[in-house]
Amino acid sequence: MQTLLALPAPESTVQSCRRFYDKSETLIRGLESLGQSQESYGALLIPIMLNKLPSRIKENITREHGLKQWSLDELRQHLFNEISILEAGQRVNLESDETLHS
């Protein structure tokens with residue numbers, strides 16, 4: 001839990017956000033394998049993770065989720081979806097650039 005709370009905030013790049021997501025997932029799954037339930041730490045972790053996210057990602061997932069209370073599973077899923085969308089967009093942009101320069 002200490003490592004999870006101390007996880008550095010990602011930079012505003014897709015790659016940095018992916019690393020943040022992957023590290024947090026590994027640590028959360030580690031807690032689950034130790035028998036810790038999300039109910040015992042989720043309420044503490046949700047605002048900490050949200051505060052660490054770049055504003056663009058926070059805005060996008062909040063727009064999609066609305067103003068209702070987050071669960072840790074919802075936050076994890078929305079974050080995964082947003083990063084996947086950004087990665088797909090990045091690939092499309094790279095492919096477009098390559099086509100233009102060919």
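At distances below 3.5 Å, not a single donor-acceptor pair connects side-chain atoms of Ser16 with backbone N or O atoms of Pro10. Counting only distance, with no hydrogens or angles, the side chain of Thr62 and the backbone of Lys58 share a donor-acceptor pair below 3.5 Å. Listed for the Ser84 side chain is a donor-acceptor partner under 3.5 Å among the backbone atoms of Phe80.
Annotation: salt bridge (Lys or Arg N to Asp or Glu O under 4.0 Å) contacts of Glu87 (sequence neighbours excluded): Arg18. Shown here are the salt bridge (Lys or Arg N to Asp or Glu O under 4.0 Å) partners of Glu25, two or more places apart in sequence or in another chain: Arg29, Arg76. Listed by chain and number, the residues in a side chain to side chain contact (heavy atoms under 4.5 Å, CB included) with Thr3 are Leu27 (sequence neighbours excluded). Scored by the side chain to side chain donor-acceptor pair (under 3.5 Å) test, Gln2 finds no partners at all (sequence neighbours excluded).
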Determine all donor-acceptor pairs shorter than 3.5 Å in which one atom belongs to a side chain in residues 63-70; sequence neighbours excluded.
from	atom 1	to	atom 2	distance (Å)
Arg63	NH1	Asn60	OD1	3.0
Glu64	OE2	His78	ND1	3.2
His65	NE2	Glu74	OE1	3.2

Under 3.5 Å donor-acceptor pairs involving side-chain atoms of residues 49-56, not counting sequence neighbours:
from	atom 1	to	atom 2	distance (Å)
Asn51	ND2	Pro47	O	3.1
Lys52	NZ	Leu5	O	2.8
Lys52	NZ	Leu7	O	2.3

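Using a 4.5 Å cut-off on side-chain heavy atoms (C-beta onward), Leu45 and Leu75 make no contact. Proximity of Gln15 to Arg19: side-chain heavy atoms (C-beta onward) are separated by under 4.5 Å at one or more points.
Under the 3.5 Å distance criterion, with hydrogens and angles disregarded, a donor-acceptor pair is assigned to the side chains of Gln77 and Asn81.
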Stepwise side chain to side chain contact (heavy atoms under 4.5 Å, CB included) check, Ile57 with Cys17: CA-CA 9 Å; Ile57 289 181; Cys17 290; 3.2 Å; yes

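Leu31 contributes atom CG, which lies 11.5 Å from atom OG1 of Thr26 (distance to the nearest 0.5 angstrom).
The heavy-atom pair separating Tyr21 from Ser24 by the smallest distance is O-OG, 2.9 Å.
There is no path of hydrophobic side-chain contacts, each under 4.5 Å, that joins Ile61 to Ile85.
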